[in-house]
Number of protein chains: 2
Amino acid sequence: MRKSKKERQQLLMSTIQDNPFVTDEELAEKFQVSVQTIRLDRLELSIPELRERIKSVAEKRFDDEVKSLPIEEVIGEIIDIELDQNAISIFDVKEEHVFKRNQIARGHHVFAQANSLAVAVINDELALTAKANIQFIRSVKLHERVIAKAKVEKIDEAKGRTFVQVRSFVNNELVFTGDFEMYRSNNQ
Amino acid sequence: MRKSKKERQQLLMSTIQDNPFVTDEELAEKFQVSVQTIRLDRLELSIPELRERIKSVAEKRFDDEVKSLPIEEVIGEIIDIELDQNAISIFDVKEEHVFKRNQIARGHHVFAQANSLAVAVINDELALTAKANIQFIRSVKLHERVIAKAKVEKIDEAKGRTFVQVRSFVNNELVFTGDFEMYRSNNQ
DNA sequence: ACTACTCTTAGTACCTAGTCATAAGAACTC
DNA sequence: GAGTTCTTATGACTAGGTACTAAGAGTAGT
């Protein structure tokens with residue numbers, strides 16, 4: 001037997017939701033009603049026509065592409081630096097940095113902030129990370145501001161190594177520490 | 001003066017490439033030719049009509065979504081996984097991952113691949129990194145393909161910790177190792 | 001100068017997947 | 001049986017095309 005109007009419209013919504021590429025004709029066939037009925041339904045439910053639906057899917061994809069490019073680029077903003085001594089950077093945790101399920105920042109973003117600060121503090125053309133010993137003390141959540149402080153512990157000119165300690169805080173609470181052993185580029 | 005046919009078709013290609021949402025009429029206006037000429041050009045260049053272009057953009061987005069839902073949270077692409085045992089992912093180093101000056105991959109990308117593989121291999125709602133001991137053995141360069149292999153070393157049910165070792169290779173050469181101590185979410 | 005050829009433009013018929021408006025029949029509810 | 005809602009049909013119109021035919025403009029070869 002054919003469904004009631006309400007039932008049909010409910011199903012119509014979810015059908016289009018998970019397949020926006022379906023035409024009115026296909027829907028009419030599916031629900032055993034006329035094409036006109038489907039169109040009335042869409043009108044009542046404010047569901048745009050096939051072509052508009054496809055277009056908006058395509059546009060969203062375009063937006064996403066523009067958005068996801070610069071994410072990897074910036075790993076915190078350096079607000080203070082004294083080369084070969086210390087440096088401070090801030091990093092605001094946004095939607096794109098957290099696990100969706102629990103809003104906890106993914107470890108590699110917190111690491112990336114610390115690591116790139118360790119690279120920046122070194123007064124050299126370019127430093128590379130050789131080793132790191134890191135510890136995540138407590139998880140960082142969405143919208144928290146992480147302040148990373150790097151301190152150069154020791155410079156071994158002979159071996160071309162520099163040891164940097166980075167501590168990251170949220171509201172003065174320690175959330176991460178890392179001891180980095182860095183190559184100096186002249187030794188690379 | 002108006003461009004030659006070849007020039008116009010070259011430009012037409014790139015114009016549509018970076019904005020598939022442009023109509024023949026807009027193109028005709030842009031190149032100061034008739035709509036029919038644009039259509040002949042598209043025919044010669046095998047460029048589909050606006051609606052087909054939009055549709056294919058939308059479809060690609062859909063494909064991506066299906067593909068990227070389970071993997072999205074992982075840096076690099078997982079190609080093999082046995083939960084609580086081992087996993088393998090590949091990560092191609094592109095322009096956006098390297099220092100411009102020397103084409104060497106930034107450490108945090110290599111770390112991110114290893115770290116997220118360590119998260120993925122754990123058979124649990126969600127794992128978090130507690131500690132990590134990492135070593136960059138040799139630098140990874142632009143266009144190299146990093147293959148990370150994660151191995152679960154020990155599961156401490158009582159403490160809710162899992163120990164994972166990750167080794168990353170480029171052409172069978174070890175470039176990175178990391179020992180990760182992971183929280184299990186039930187203990188979080 | 002005439003022919004041959006490419007390039008461009010115009011026009012017609014047709015298509016899909018719709019919109020909007022009007023009308024009328026069918027099915028329920030009071 | 002009347003009133004209301006729901007469904008279907010019909011006609012006119014739209015965007016953004018395809019496919020095809022036809023004709024004029026410009027250039028090159030002989």
Side-chain angles (χ1 to χ4, degrees), chain A residues 1-70, chain B residues 1-69 72:
Chain A
M1 187 212 153
R2 270 163 62 175
K3 274 128 183 155
S4 74
K5 191 184 175 182
K6 256 190 189 167
E7 251 184 296
R8 189 187 59 235
Q9 292 196 345
Q10 279 289 326
L11 266 168
L12 190 79
M13 289 237 281
S14 60
T15 303
I16 292 177
Q17 188 96 36
D18 59 56
N19 176 204
F21 300 87
V22 67
T23 64
D24 286 357
E25 213 169 288
E26 288 164 348
L27 291 164
E29 180 69 20
K30 173 168 181 167
F31 294 111
Q32 286 296 303
V33 291
S34 72
V35 174
Q36 284 74 8
T37 301
I38 296 294
R39 287 177 181 164
L40 270 173
D41 285 348
R42 278 200 300 98
L43 199 73
E44 284 178 34
L45 298 167
S46 310
I47 297 171
E49 62 166 289
L50 172 67
R51 283 157 176 169
E52 290 304 313
R53 294 195 303 263
I54 290 180
K55 202 174 161 187
S56 81
V57 170
E59 277 165 349
K60 261 182 216 143
R61 181 179 137 90
F62 248 61
D63 291 352
D64 285 359
E65 264 175 22
V66 186
K67 233 189 255 158
S68 64
L69 262 175
Chain B
M1 191 212 152
R2 274 162 60 176
K3 274 129 183 152
S4 75
K5 191 182 174 183
K6 258 190 186 166
E7 252 185 296
R8 189 187 59 235
Q9 293 195 345
Q10 278 290 326
L11 265 167
L12 191 78
M13 288 238 279
S14 60
T15 303
I16 292 176
Q17 188 97 35
D18 59 56
N19 176 205
F21 299 88
V22 67
T23 62
D24 286 358
E25 213 170 289
E26 288 163 347
L27 290 165
E29 179 70 21
K30 174 168 176 164
F31 295 109
Q32 286 295 304
V33 291
S34 71
V35 173
Q36 283 76 5
T37 301
I38 296 294
R39 286 178 182 162
L40 270 172
D41 285 348
R42 277 200 301 97
L43 198 74
E44 285 179 31
L45 298 167
S46 310
I47 297 171
E49 63 166 287
L50 172 68
R51 283 156 177 165
E52 290 306 313
R53 293 194 306 261
I54 290 179
K55 202 172 162 190
S56 82
V57 170
E59 275 164 350
K60 261 182 217 145
R61 181 180 136 88
F62 247 60
D63 291 352
D64 285 358
E65 260 173 26
V66 185
K67 239 185 256 161
S68 66
L69 260 176
E72 191 184 39

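Every value quoted in this text rests on a predicted model; they were computed, and no experiment measured them. Below, chain A is the first sequence line, B the second, and so on; all start at residue 1.
Interface residues of residues 39-50 of chain B facing DNA chain C, ordered by number: B:Leu40; criterion, heavy-atom separation under 4.0 Å.
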Show your reasoning for whether side chain to side chain contact (heavy atoms under 4.5 Å, CB included) applies to A:Thr37 and A:Arg8. CA-CA 10 Å; A:Thr37 301; A:Arg8 189 187 59 235; 3.5 Å; yes
Side chain to side chain contact (heavy atoms under 4.5 Å, CB included) between A:Val33 and A:Ile38, intermediate numbers included: CA-CA 7 Å; A:Val33 291; A:Ile38 296 294; 3.8 Å; yes
Would you please test A:Arg39 and A:Leu43 for side chain to side chain contact (heavy atoms under 4.5 Å, CB included) and show each step? CA-CA 6 Å; A:Arg39 287 177 181 164; A:Leu43 199 73; over 6 Å; no
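Checking side-chain atoms of A:Arg53 against main-chain N and O of A:Pro48 turns up a donor-acceptor pair under 3.5 Å. Checking side-chain atoms of A:Glu26 against main-chain N and O of A:Thr23 turns up a donor-acceptor pair under 3.5 Å.
One can place CD of A:Glu7 at 12 Å from P of D:dT7, the figure rounded to the nearest angstrom. Rounded to a whole Å, the CG atom of A:Leu27 is 14 Å from the P atom of D:dT8. The distance between atom CZ of A:Arg53 and atom C1' of C:dT16, rounded to the nearest whole Å, is 14 Å. Note: CD (A:Glu52) to P (C:dT16) measures 20 Å, nearest angstrom. In this structure, B:Lys6 places its NZ atom 13 Å from C1' of C:dT6, rounding to the nearest Å. Rounded to whole Å, the distance from CD1 on B:Ile38 to C1' on D:dG16 is 14 Å. C:dT8 atom P lies 14 Å from atom CD of B:Gln32, rounded to whole Å. Note: CD (A:Glu25) to P (C:dT19) measures 14 Å, nearest angstrom.
Nearest heavy atoms, B:Ala58 versus A:Ile54: CB-O, 3.6 Å. Shortest non-hydrogen contact noted between A:Lys5 and A:Asp41 is CE-OD1, 4.4 Å.
Phosphate proximity of D:dT8 to A:Ser34: present, with a side-chain N or O under 4.0 Å from OP1 or OP2. Proximity of A:Thr23 to the phosphate of C:dA17: no side-chain N or O atom is located under 4.0 Å from OP1 or OP2.
No side-chain heavy atom of A:Gln9 sits under 4.5 Å from any side-chain heavy atom of A:Ile47.
Applying the 6.0 Å contact sphere to CD of A:Glu44 captures more than 12 heavy atoms from other residues, nucleotides or ligands.
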Please tabulate, one pair per line, each protein N/O and nucleotide N/O from nucleotides 21-26 of chain C that are separated by under 3.5 Å, including the distance.
none

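Side-chain atoms of A:Arg51 lie closest to C:dT16 of the nucleotides D:dA9, C:dT16, C:dA10.
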